[in-house]
2 protein chains.
Amino acid sequence: MSTQDGRAQAPKRATITDVARVAGVSRGAVSKVIRDAYGVSPAMRARVEEAIERLAYRPRTAARALRGSGFTIGLALPVFGNDFFSQIVLGVNETLAGTGYRFILAPDTSESSSSHTLDALADREVDGIIAVSPMVSTDWLENLARYVPVVVIGRHDMPAGYDTVNGDDAAGARLVMNHLLEQGHRRIVHLTGDYVQVAARPADPHSIRSVVFREMMLSAGLVPRQVTTAADPAAIVACVRDLLAGDEPPTAIFAAHDFLAIHALRVVATSEPRVAIAGYDGVDIASHPMISLTTVDQRGVEIGRTAATLLLERIKGRTTPARHVSTPELLIRRSTAPDGATG
Amino acid sequence: MSTQDGRAQAPKRATITDVARVAGVSRGAVSKVIRDAYGVSPAMRARVEEAIERLAYRPRTAARALRGSGFTIGLALPVFGNDFFSQIVLGVNETLAGTGYRFILAPDTSESSSSHTLDALADREVDGIIAVSPMVSTDWLENLARYVPVVVIGRHDMPAGYDTVNGDDAAGARLVMNHLLEQGHRRIVHLTGDYVQVAARPADPHSIRSVVFREMMLSAGLVPRQVTTAADPAAIVACVRDLLAGDEPPTAIFAAHDFLAIHALRVVATSEPRVAIAGYDGVDIASHPMISLTTVDQRGVEIGRTAATLLLERIKGRTTPARHVSTPELLIRRSTAPDGATG
DNA sequence: CTGAAAGCGCTTACAG
DNA sequence: CTGAAAGCGCTTACAG
């Protein structure tokens, strides 16, 4: 006996009504037991719990979220598979453990921009949203924050309605530049993503790194030179290859983030003369002895933990904005070691 | 005028009722316009769309899912931040583009096992679930599949109610072993995760790789030796260090997956004599010239694409089980090159 | 301590 | 082509 829709006769999961019937109580009573709410007699609780067990009942988050809270927070990521963002996710997960809150991840996809991703999360009635480097205006975020608690990672905004968590990008960039200058480098190039627009997005971490690079080169009496590349490995490799093949190739590259640095190393690994490279983020693979990339540890796990903590505060009712900045640390490795120390 | 709950006076997003009121039509009519359903006059559509625009209305997925479909599929991952799984996510994303379906990710967390993750997804009333290497019984999966369309990646099950997508692990393991044996290696050790239990989980990809390793060693007249390690980098490094420091250290290591192989390389990078290493998965970093790890490309993106395609079929009504196996390819790199070719 | 009723925001038949 | 009503599975006051 089949119908047109193959799922037509799919069995229904037990609902709160089924449990109420089996336990011989009202639906409201079952709800109270589930939520561990005040005012349930031990006897009733026992009966309800037995019925829940027997029916393998599980409350539907979708329905709960509609009325009360679904105990879920949404984590929006601009890309999937970036190791630094993975650190953030780890931190969020750590903080949420034991709180009863779960999280779901929603990466921006090829066809959905940051705004779509954030909207989609809000549409699912999550209790709060952590947005990592969202590419939307502050106005857009302020508006979103009117309806749902929001914490933003990776934007040095001065928001009224949401919280921010960032690394100290100016300090981190200074650490890198001081290191390279101390090594005696004069021809240093800043390698960054082609989406970085310092003028349009001054609060963007990559803009700040770029600005600091420029300032420090100038005050050292040097010429700041910056090249931009698309995000895919092939483009990065091509960009760095061109750079090294051009006139006056740099002796050092300050890459705006580790992904750029690691792919730049693909070129540098076989190039002569050697070019120093420093990255930014502190991803795990940078510490691998065969890579050994100098980088700035942004403490992604800590950033994730802090963001989750702030979001839980907001969910509980805080409305005053909080801004957290974590202190970066320079990890000096072989990629910027003086000539000859190459592994 | 503030209340105890800071969110008490948070503004409400416009609902379908608001739109109906503004447009002067019924809620059902608005619903039809939203869903692009049959039977709406152009005039009415125009009025409704104007109201939607004006109110910045967005249908709540949570409410839709309760009644019809939320056009969302859930992707359950056993861990977060694994590069091979990222390939799968990319493939799923590719296939979903343009279908109107979105996906949300739910990784197993420290406190939630695979079953909790899958339940949580089902509780959110997703239209279907793709489960990557879930650590639950087949009975459990069959039961889940009674209620929601399911596709499982990374288990060579013979299911009745769900689909499976896998690499050909036996073929892949043979590629690796043939390669190592051809290089003249006799003392080959298989390095695998300590959770792998061949007897208990014969359908697990890692079990299959382990079994094939054993068979091929035996038929080559060699002694199969396997060591297991916990999943964290420190444990892997300690394990490999012990292995190399022990009696009769191997001349080659067949790691059950790239993450193991790459961290094993941390030890091997500085060890004498040289030990060949092959991994399994085909993660991006393996191709980096400074890593250059021999591995089996599992074609993760293709696996993700196929899984999404099968799930969409199931959502549309297919009930007969499908099983897809993708053909792996051996990528020979420097990590298994003969002595002296070390980079 | 317990239950009946209303409502969250949507969709689905069913009348008109 | 359009609307009124019932219902998805839950929670929230409000009576008793």
Side-chain angles (χ1 to χ4, degrees), chain A residues 5 7-8 10-48 51-52 55 57-72 122-127 147-148, chain B residues 4-5 7-8 10-48 51-52 55-72 122-127 147-148:
Chain A
D5 180 351
R7 292 260 146 211
K12 281 297 187 184
R13 295 170 62 187
T15 71
I16 199 169
T17 307
D18 298 324
V19 174
R21 185 169 22 75
V22 167
V25 299
S26 73
R27 284 157 34 187
V30 176
S31 176
K32 277 184 186 160
V33 172
I34 294 167
R35 288 174 294 121
D36 219 13
Y38 177 75
V40 217
S41 69
M44 179 186 199
R45 169 178 298 281
R47 270 161 61 207
V48 170
I52 287 175
L55 298 173
Y57 166 73
R58 292 182 54 83
R60 238 60 104 243
T61 308
R64 301 182 87 160
L66 211 53
R67 203 71 183 81
S69 161
F71 295 99
T72 306
D123 296 342
R124 291 214 137 254
E125 305 278 82
V126 292
D127 299 312
Y147 302 103
V148 53
Chain B
Q4 282 178 285
D5 181 350
R7 290 261 144 208
K12 281 298 188 184
R13 294 171 62 185
T15 71
I16 199 169
T17 307
D18 299 323
V19 174
R21 184 168 23 76
V22 168
V25 299
S26 73
R27 284 158 33 187
V30 177
S31 176
K32 276 184 185 159
V33 171
I34 295 168
R35 288 175 293 120
D36 220 12
Y38 176 75
V40 218
S41 67
M44 179 185 200
R45 170 179 298 280
R47 270 163 60 208
V48 170
I52 287 176
L55 298 173
Y57 167 72
R58 293 182 52 85
R60 239 60 105 243
T61 308
R64 301 183 88 159
L66 211 53
R67 203 71 183 81
S69 161
F71 294 99
T72 306
D123 295 343
R124 290 211 137 255
E125 304 278 82
V126 293
D127 299 313
Y147 303 102
V148 54

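Labels below follow one simple rule: chain letters A, B, ... track the order of the sequence lines, proteins then strands, and each chain is numbered from 1. Computed from a prediction, not measured in an experiment: that's the story for all the values here.
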statement: So CD1 of A/I52 and CG of A/D18: to nearest 0.5 Å the spacing works out to 12.0 Å

query: Atom CG of B/D36 to atom P of C/dT12: distance rounded to whole Å?
result: 14 Å

query: Among side-chain atoms of B/R124 and A/T72, is any donor-acceptor pair under 3.5 angstrom?
result: yes

- prompt: Which nucleotide in the list C/dG9, C/dT12, D/dG9 gets nearest to the side chain of A/T15?
  reply: D/dG9

- prompt: Does C/dG9 have OP1 or OP2 sitting under 4.0 Å from an N or O in the side chain of B/R58?
  reply: no

- prompt: Can you name the one residue among A/V22, A/T17, A/V40, A/V25 that meets side-chain contact (heavy atoms from CB on, under 4.5 Å) with A/V30?
  reply: A/V25

message: Between A/R64 and C/dC8, is there a contact of a side-chain N or O with OP1 or OP2 at under 4.0 Å?
response: no

- prompt: DNA chain D in dot-bracket, Watson-Crick or G-U pairs under 3.5 Å, [ ] crossing, | other strand?
  reply: |||.||||||||.|||

- prompt: Rounded to the Å, how far apart are A/L66 CG and C/dT11 P?
  reply: 12 Å

- request: Salt-bridge test for B/R58 and A/D123: reply yes if a basic N is under 4.0 Å from a carboxylate O, no otherwise.
  value: yes

Nucleotide D/dG9, atom C1' - distance to CD1 of A/I52 in whole Å: 14 Å

task: Take nucleotides 2-7 of chain D nucleotide by nucleotide from the 5' end and write B, S or -, depending on whether a protein heavy atom sits under 4.0 Å from the base, only from the sugar-phosphate, or from neither.
output: BB--BB

Interatomic distance, B/D123 CG vs D/dC8 P [rounded to whole Å]: 18 Å

message: What is the separation between atom OH on A/Y147 and atom C1' on C/dG9, rounded to the nearest whole Å?
response: 16 Å

field: Of all pairs that satisfy salt bridge (charged side-chain N to carboxylate O under 4.0 Å, His left out), the ones with a partner from residues 29-38 of chain B, not counting sequence neighbours
entry: B/D36-B/R45

